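One structure is given below, encoded as structure tokens.
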Amino acid sequence: MEKRRWKIDCDWGELNFHDGEILSVNLDYGNKRANLVIQLANPHTRAAVEAQGLYAFLMSCREPWGRGTYIFSVTTKRQNKKIKMDILFNSGDHMVIGCENLKVTACTD
């Protein structure tokens, strides 16, 4: 079994999240942190996203456009030392994360 090679602290713009699939979401309320693991459309790449200094987390699960688990788009906005990340799924659902910092680590087979 091959080990995955991790590239620490990727630049957010280096990765294409379109058609990626969120494999897991973990919230750590006490430490104000959210961790996402995303399988990117490139079949050999996963991204671990850590939202640090979490102040908001919202996710809808209504599937207004039909069933789906893939990422349609990711937008991030920075304002006054805060980051808002909005993930739109192909189902029409949204995941919105408000935090102070985003740390992204990529992993390849």
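Quick caveat: nothing in here was measured; it's all calculated off a predicted structure.
- Between F57 and M95 the shortest side-chain heavy-atom distance falls below 4.5 Å.
- Annotation: the span from Q39 atom CD to Y70 atom OH amounts to 9.5 Å, rounded to 0.5 Å.
- For the atom pair OG (S73) and CG (D19), the distance works out to 11.0 Å, reported to the nearest 0.5 Å.
- Listed for the D28 side chain is no donor-acceptor partner under 3.5 Å among the backbone atoms of R33.
- At distances below 3.5 Å, not a single donor-acceptor pair connects side-chain atoms of H94 with backbone N or O atoms of L88.
- Cluster membership check: I83 shares its hydrophobic cluster with V74, using side-chain heavy-atom separations under 4.5 Å among Ile, Leu, Val, Met, Phe, Trp and Tyr.
- Between M85 atom CE and L36 atom CG the span is 5.5 Å, to the nearest 0.5 Å.
- Both L27 and F89 are assigned to one and the same hydrophobic cluster, defined by single-linkage of ILVMFWY side chains at heavy-atom distances under 4.5 Å.
- With E50 contributing its side chain and A34 its backbone, the two residues share no donor-acceptor pair below 3.5 Å.
- No side-chain heavy atom of N16 sits less than 4.5 Å from a side-chain heavy atom of N42.
- If you chain together hydrophobic residues whose side chains sit under 4.5 Å apart, V25 and L54 fall into the same group.
- In the hydrophobic clustering (ILVMFWY side chains linked at under 4.5 Å, chained through shared members), Y55 stands by itself.
- Taking 4.5 Å as the limit, every side-chain heavy atom of I97 sits out of range of all side-chain heavy atoms of V49.
- Without hydrogens or angle criteria, D93 side chain to R62 main chain gives a donor-acceptor distance under 3.5 Å.
- Without hydrogens or angle criteria, N80 side chain to K82 main chain gives no donor-acceptor distance under 3.5 Å.
- Interatomic distance, CG of N26 versus CG of N35, reported as 6.0 Å (0.5 Å rounding).
- The CG atom of N90 sits 9.0 Å away from atom CD of E63, with the distance rounded to the nearest 0.5 Å.
- Side-chain contact between L40 and F17 is present, with heavy atoms from C-beta onward closer than 4.5 Å.
- For K84, the NZ atom is loosely surrounded, since the number of other residues' heavy atoms within 6.0 Å does not exceed 12.
- Counting only heavy atoms from C-beta outward, the side chains of L15 and I38 never approach each other to under 4.5 Å.
- L102 CG to Q52 CD: the interatomic distance, rounded to the nearest 0.5 Å, is 8.0 Å.
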